Amino acid sequence: MEITFNPERIGVERLNSLQLDALELQRSSKDVILLAPTGSGKTLAYALLVKESLAINLTTQVLIVVPTRELAQQIELNFKALFPTLFTTSVHGGVASSQEKRRLLEFPSIIIGTPGRVIHHLEEGNIQVRDIHTLILDEYDKSLELGFKDQIEEISQFLPENTRKLLVSATDLKSIPSFLNLKDTAEINHLQARGLAPRINVTELKTPAKYKIKALSQLFQNYPVNKTLVFCNHREAVERVSESLEREGIEHDIFHGKLNQQERELSLFKFSNQSTRILITTDLASRGLDITDVELIIHYQLPISQETFTHRNGRTARVDKRGRVILLTSSEDKRPDFLRNIKEEEINIEEYDPTSVPSAEFCTLRLNLGKKQKIRKIDVVGYFLSFDSVIAKDQLGQIMIKDNESFLAVPLELAKRLIELTKEHKIKGKKVKVSLV
């Protein structure tokens, strides 16, 4: 069996300049530092860098270490699509390590994981390191920022001495720790490349501190786009903003590290499938999330660094899209030097009408059956299309199948009727309960 490689399965029909540069190093054994803006296709670029060194056998060959579970999950999906004939898996928090161990005993060719969970499996002997020839550190600067340096050093000590290293980042790396022992290094730097830099309109809106929430709500009214990310610096601020918006009756979801795995996945799914127009978040959402078509970024609290600013903004204007970024500031905000010279605009909160903030056109339904009940996406589609003339195939939104439950996006106007109909129908002979999330 040959290794198949299908960029088309992740929506790429033609390689960009970054990926073409990676292609030139495909047969090289050099260590590589790969720098490019968020949304420029770095995952495909480093997949190209390892493609020629992969073989179909029962050994682990590539280890990818990332700072967050969401990024691990996203890379796993991309690599499974790119290399459908290779076994790829991920290890991270939110999943039982015993469940991961069973998959690791099948010797996946590619493993993606967060530092702590990778170390756990290395110490337990669940990851076979003998044939690992490449270590990829994606979002490497974020890993250092989150304090993972010691863990990455520990991981590197488990690997063969001649392991190739690929360091990937959307910001310039100021220094490389000596323990990585980079030699004969090649750099692919597209941070300033024409055609890859995001096309973003950045403005600042000033408002008195006591009116900041109203000003935020006014922005939702002024820019009624399908997907808006609102960034705060810590989870307490996310919760505080969320409570204020709830009092205003503005629909939204939240996303931060203290939510459990199920809550985080569901928030992202609803935002991705347009059941939620507005997501209030910490910088956890600034990296590693492949959410398409985010049109507006609002910095409710100013970013603490240039790198944070860059990564927050990188959630919009991805690939060939345009985006808008707004800094919402008051006199109490301390402006860092890197935010000088940004165009200022005024906002009139007297025009604000909470009832004019549009609701989402979709909603998410939950079904109490999932993978363990042998439910697949095609079963969910067939189930809802069996209700004659109620919903058409092109009206069905995204579907997510979990172990014991499934989720589906449908037009909001059809949700109540669909829930009523499901009370009298089964999936694969199994009784199903459908509810609104």
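Residues: numbered from 1 along the sequence shown. The model shown is predicted, which means the values in this text are computed figures rather than measured ones.
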Asker: In Å, rounded to the nearest 0.5 Å, how long is the span from CG of Leu15 to CG of Leu48?
Answerer: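 Leu15 CG to Leu48 CG: 6.0 Å, rounded to 0.5 Å.
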Asker: For atom CD of Glu361, decide whether the heavy atoms of other residues, nucleotides or ligands shown that lie under 6.0 angstrom number more than 12.
Answerer: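 Result for CD/Glu361: open.
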Asker: Is it the case that Gln261 and Glu265 place a side-chain donor and acceptor less than 3.5 Å from each other?
Answerer: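 Gln261 vs Glu265: donor-acceptor pair found between side chains.
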Asker: Can you confirm whether Lys374 is buried at NZ, in the sense that more than 12 heavy atoms of other residues, nucleotides or ligands lie under 6.0 Å from that atom?
Answerer: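 Not more than 12 within 6.0 Å, no.
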Asker: Just how far is it from atom OH of Tyr46 to atom CG of Leu18, taken to the nearest 0.5 Å?
Answerer: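 Interatomic distance, Tyr46 OH to Leu18 CG, rounded to 0.5 Å: 12.0 Å.
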Asker: Where do Arg324 and Thr316 come nearest, in terms of heavy atoms and distance?
Answerer: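 Closest approach of Arg324 to Thr316: N-OG1, 4.3 Å.
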Asker: Under 3.5 Å, is there a donor-acceptor pair between the His299 and Glu204 side chains?
Answerer: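 Looking only at side-chain atoms, Glu204 and His299 do not form any donor-acceptor pair under 3.5 Å.
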Asker: Decide whether Asp31 and Thr185 meet the rule of one side-chain donor and one side-chain acceptor closer than 3.5 Å.
Answerer: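 No pair is found: no donor N or O on one side chain lies under 3.5 Å from an acceptor on the other.
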Asker: For His190 and Asp21, test the side chains for any donor-to-acceptor distance below 3.5 angstrom and give the result as yes or no.
Answerer: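 Indeed, the side chains of His190 and Asp21 share at least one donor-acceptor pair under 3.5 Å.
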Asker: Mind listing the closest non-hydrogen atom pair of Ala47 and Phe83 along with its distance?
Answerer: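 Shortest heavy-atom contact: O-CZ, 3.9 Å.
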Asker: For a 4.5 angstrom cut-off between non-hydrogen side-chain atoms, does Phe87 reach Ile110?
Answerer: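 Contact flag for Phe87/Ile110 side chains = no.
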Asker: Around Gln99, counting heavy atoms of other residues, nucleotides and ligands shown, do more than 12 lie under 6.0 Å from its CD?
Answerer: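 Correct, the count exceeds 12.
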Asker: For the residue pair Glu405 / Gln262, report whether a side-chain donor-acceptor contact shorter than 3.5 Å exists.
Answerer: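 Glu405 and Gln262 do have a side-chain donor-acceptor pair below 3.5 Å.
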Asker: Using side chain to side chain donor-acceptor pair (under 3.5 Å), reason through His256 and Glu239 one step at a time and then give a plain yes or no.
Answerer: CA-CA 9 Å; His256 57 65; Glu239 298 284 355; 2.8 Å; yes
Asker: Side-chain contact, heavy-atom cut-off 4.5 Å: Glu139 with Val168?
Answerer: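 No - every pair of side-chain heavy atoms lies 4.5 Å or more apart.
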Asker: Is Ser242 reaching over with its side chain to a backbone N or O of Val238, donor-acceptor style, under 3.5 angstrom?
Answerer: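 Not confirmed, Ser242 side chain does not pair with Val238 backbone.
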Asker: Within the distance-only criterion (no hydrogens, no angle test), does the side chain of Glu263 pair as donor or acceptor with the backbone N or O of Asn260 below 3.5 angstrom?
Answerer: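 Looks like yes, one N/O pair under 3.5 Å.
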Asker: Are the side chains of Thr114 and Leu71 in contact, using a 4.5 Å heavy-atom criterion?
Answerer: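 Sidechains of Thr114 and Leu71: no contact.
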Asker: Test your reading of the model: is there a side-chain donor-acceptor pair from His425 to the backbone of Leu421, 3.5 Å cut-off?
Answerer: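 Yes, the answer is positive, given that a donor and an acceptor are paired below the 3.5 Å cut-off.
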Asker: Let me confirm one number: the NZ-CD1 distance from Lys227 to Ile278, rounded to the nearest 0.5 Å.
Answerer: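 Answer for the NZ-CD1 pair, Lys227 versus Ile278, is 14.0 Å.
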Asker: Are any side-chain N or O atoms of Glu295 and backbone N or O atoms of Asn226, one a donor and one an acceptor, separated by less than 3.5 Å?
Answerer: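 Side chain of Glu295 to backbone of Asn226, a donor-acceptor pair under 3.5 Å: yes, one is there.
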Asker: Hey, is NZ on Lys428 packed in by over 12 heavy atoms from elsewhere, all under 6.0 Å?
Answerer: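 Yes, because the 6.0 Å sphere around NZ of Lys428 holds more than 12 heavy atoms from other groups.
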Asker: Please report the shortest heavy-atom distance between Glu100 and His121, naming the atom on each side.
Answerer: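 So the two residues come closest at OE1-NE2, 2.7 Å.
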Asker: State whether Tyr300 and Lys212 meet the cation-pi test: NZ (Lys) or CZ (Arg) under 6.0 Å from the six-membered ring centroid, and within 45° of the perpendicular axis.
Answerer: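 Yes - Lys212 lies over the ring of Tyr300, closer than 6.0 Å to its centre and within 45° of its axis.
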Asker: Assess the side chains of Gln398 and Gln274: does a donor N or O sit below 3.5 Å from an acceptor N or O?
Answerer: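 No donor-acceptor contact under 3.5 Å links the two side chains.
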Asker: Write down the atom of Asn368, the atom of Lys431, and the distance for their closest heavy-atom approach.
Answerer: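 The pair with the smallest heavy-atom distance is OD1-O, 4.3 Å.
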Asker: Can you confirm whether the side chains of Glu76 and Thr88 place a donor and an acceptor under 3.5 Å from each other?
Answerer: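 No pair is found: no donor N or O on one side chain lies under 3.5 Å from an acceptor on the other.
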Asker: Could you tell me the separation between the CD atom of Glu251 and the NZ atom of Lys270, rounded to the nearest 0.5 Å?
Answerer: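 So the gap between those two atoms works out to 9.0 Å.
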Asker: Would a 4.5 Å heavy-atom cut-off, applied to side chains only, mark Thr310 and Thr308 as touching?
Answerer: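 Contact flag for Thr310/Thr308 side chains = no.
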Asker: Within the distance-only criterion (no hydrogens, no angle test), does the side chain of Arg164 pair as donor or acceptor with the backbone N or O of Ser28 below 3.5 angstrom?
Answerer: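 Yes, Arg164 side chain to Ser28 backbone: donor-acceptor pair under 3.5 Å.
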Asker: So, the side chain of Ser267 versus the backbone of Ile254: is there a donor-acceptor pair under 3.5 Å, distance only?
Answerer: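 Judged by distance alone, yes, a pair lies under 3.5 Å.
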Asker: Nearest 0.5 Å, please: how far is CD1 in Ile391 from OG in Ser386?
Answerer: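 Answer for the OG-CD1 pair, Ser386 versus Ile391, is 11.0 Å.
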Asker: Kindly indicate whether the side chain of Phe407, heavy atoms from C-beta on, has any atom under 4.5 Å from the side chain of Lys402.
Answerer: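 Yes; the side chains approach each other to less than 4.5 Å.
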Asker: Taking Asp253 for the side chain and Leu268 for the main chain, is one N or O donor matched with an acceptor at less than 3.5 Å?
Answerer: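 Side chain of Asp253 to backbone of Leu268: no pair is present.
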Asker: Would a 4.5 Å heavy-atom cut-off, applied to side chains only, mark Asp293 and Val225 as touching?
Answerer: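 A side-chain contact under 4.5 Å is absent here.
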Asker: Are any side-chain N or O atoms of Arg103 and backbone N or O atoms of Ser90, one a donor and one an acceptor, separated by less than 3.5 Å?
Answerer: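 Checked: pair present.
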Asker: Can you list everything that forms a side chain to side chain contact (heavy atoms under 4.5 Å, CB included) with Thr422? Sequence neighbours excluded, please.
Answerer: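 Partners of Thr422 under the side chain to side chain contact (heavy atoms under 4.5 Å, CB included) test: Tyr383, Phe384, Phe387, Val434.
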Asker: Search all heavy atoms of Arg315 against all heavy atoms of Ala285 and return the closest pair with its distance.
Answerer: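 Minimum heavy-atom contact is CD-O, 3.1 Å.
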Asker: OG/Ser217 to CD/Gln221 distance, rounded to the nearest 0.5 angstrom?
Answerer: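 These two atoms lie 9.5 Å from each other.
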Asker: Are Leu166 and Thr134 side-chain neighbours, meaning at least one heavy-atom pair lies under 4.5 Å?
Answerer: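 Of all side-chain heavy-atom pairs linking Thr134 with Leu166, at least one is under 4.5 Å.
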Asker: Shortest non-hydrogen contact from Thr228 to Phe220?
Answerer: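 Scanning both residues completely, I find the closest heavy atoms to be CG2-CE2, 4.1 Å.
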Asker: Flag the pair Thr364 / Leu408 as yes when at least one side-chain heavy-atom distance between them is below 4.5 Å, and no otherwise.
Answerer: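 With C-beta onward as the side chain, the pair stays apart.
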Asker: Would you check, one step at a time, whether the test side chain to side chain contact (heavy atoms under 4.5 Å, CB included) holds for Ser143 with Val65?
Answerer: CA-CA 9 Å; Ser143 293; Val65 179; 5.6 Å; no
Asker: Just by distance, do the side chain of Thr282 and the backbone of Cys232 share a donor-acceptor pair under 3.5 Å?
Answerer: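 Absent.
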Asker: Report the C-alpha distance between Leu339 and Asp337 in whole Å, list the side-chain angles of each, state the deciding distance to 0.1 Å, and finish with yes or no for side chain to side chain contact (heavy atoms under 4.5 Å, CB included).
Answerer: CA-CA 5 Å; Leu339 294 178; Asp337 289 339; over 6 Å; no
Asker: Identify the residue among Leu327, Ile326, Asn313 that makes a side chain to side chain contact (heavy atoms under 4.5 Å, CB included) with Ile297.
Answerer: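 Exactly one pass, corresponding to Asn313.
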Asker: Give a yes or no answer on whether the side chain of Glu52 reaches the backbone of Gln26 with a donor-acceptor pair at less than 3.5 Å.
Answerer: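 Not at all, since once roles are kept as given, no pair shorter than 3.5 Å links the two residues.
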Asker: Are there over 12 heavy-atom neighbours, none belonging to Arg9, within less than 6.0 Å of that residue's CZ?
Answerer: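 Counting neighbours around CZ of Arg9, more than 12 heavy atoms of other residues, nucleotides or ligands fall under 6.0 Å, so yes.
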